[in-house]
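As structure tokens, the structure follows; a few thoughts come after it.
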Amino acid sequence: QVQLVESGGGLVQSGGSLRLSCASSRSIFTINAMGWYRQAPGKQRELVATFTSGDNTNYADSVKGRFSISRDNAKNTVYLQMNSLKPEDTAVYYCNAVVFGSFSRNYWGQGTQVTVSS
């Protein structure tokens, strides 16, 4: 199995920046896809950014141009750099990993709270 631990969340003023980290207990070379999701109170969990094989990335329209996903294979860590933060970015952010087999297995971190004040 895969254990994921997020860090880097906190309280930041509108327009500020945060960098979230997701440390994996398993080499990310063996993980087929990783990404970030978020869930605000009363809202459905939504995709923020994903990082798949072939260095392909995908971003939600609401964060394009502001957020950037990256990885460090040696540290088994995926990052989410968040710039120009807005109050509507306030949510719990979750790291996700997908491992393919006869069927896909999804793993989730515990989540880290990001609060953006106006």
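Since this is a predicted model, take the numbers as computed values, not measurements. These values consider heavy atoms only, across backbone and side chains, with no hydrogens, waters or symmetry-generated copies.
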Joint cluster assignment, [X] & [Y], ILVMFWY side-chain distance < 4.5 Å:
| X | Y | value |
| --- | --- | --- |
| V63 | M82 | yes |
| Y94 | F51 | no |
| Y37 | V116 | no |

Spacing of [atom1] belonging to [X] relative to [atom2] belonging to [Y], to within rounding of 0.5 Å:
| X | Y | atom1 | atom2 | result |
| --- | --- | --- | --- | --- |
| S62 | E88 | OG | CD | 8.5 Å |
| R38 | D89 | CZ | CG | 5.0 Å |
| Q81 | S21 | CD | OG | 9.5 Å |
| I28 | N73 | CD1 | CG | 4.0 Å |
| Y93 | L20 | OH | CG | 7.5 Å |
| F67 | L85 | CZ | CG | 5.0 Å |

Review point. Do K64 and D61 meet the salt-bridge criterion of a basic N to acidic O distance under 4.0 Å?
Key: yes
Review point. Got more than 12 heavy atoms from elsewhere within 6.0 Å of CD, E46?
Key: yes
Review point. More than 12 heavy atoms of other residues, nucleotides or ligands under 6.0 Å from CD of Q13: is that the case?
Key: no
Over all atoms of both residues, closest heavy-atom pair of [X] and [Y]:
| X | Y | result |
| --- | --- | --- |
| W36 | L80 | NE1-CB, 3.5 Å |
| Q1 | S25 | O-OG, 4.3 Å |
| L18 | G8 | CD2-O, 3.8 Å |
| S118 | P87 | CB-CG, 4.0 Å |
| Q39 | A91 | O-CB, 3.5 Å |
| V92 | G111 | CG1-CA, 3.9 Å |

Check your understanding: Out of V99, V98, I31, N96, which residue meets the side-chain contact (heavy atoms from CB on, under 4.5 Å) rule with Y107?
Key -> V99
**Study point:** Whether Q110 side chain and E6 backbone form a donor-acceptor pair below 3.5 Å
**Key:** yes
Review point. For S84, does its backbone N or O pair with a side-chain atom of R66 as donor and acceptor, under 3.5 Å?
Key: yes
Review point. So do I69 and T50 actually touch side chain to side chain, heavy atoms under 4.5 Å?
Key: no
**Study point:** Side chain proximity check, W108 to R45, heavy atoms < 4.5 angstrom
**Key:** yes
Review point. Do R19's NZ or CZ and the ring of Y79 fall within the cation-pi criteria of under 6.0 Å and 45°?
Key: yes
Practice item. Check the pair S24 / V78 against side-chain contact (heavy atoms from CB on, under 4.5 Å), numbers first and verdict last. Key: CA-CA 8 Å; S24 172; V78 174; over 6 Å; no
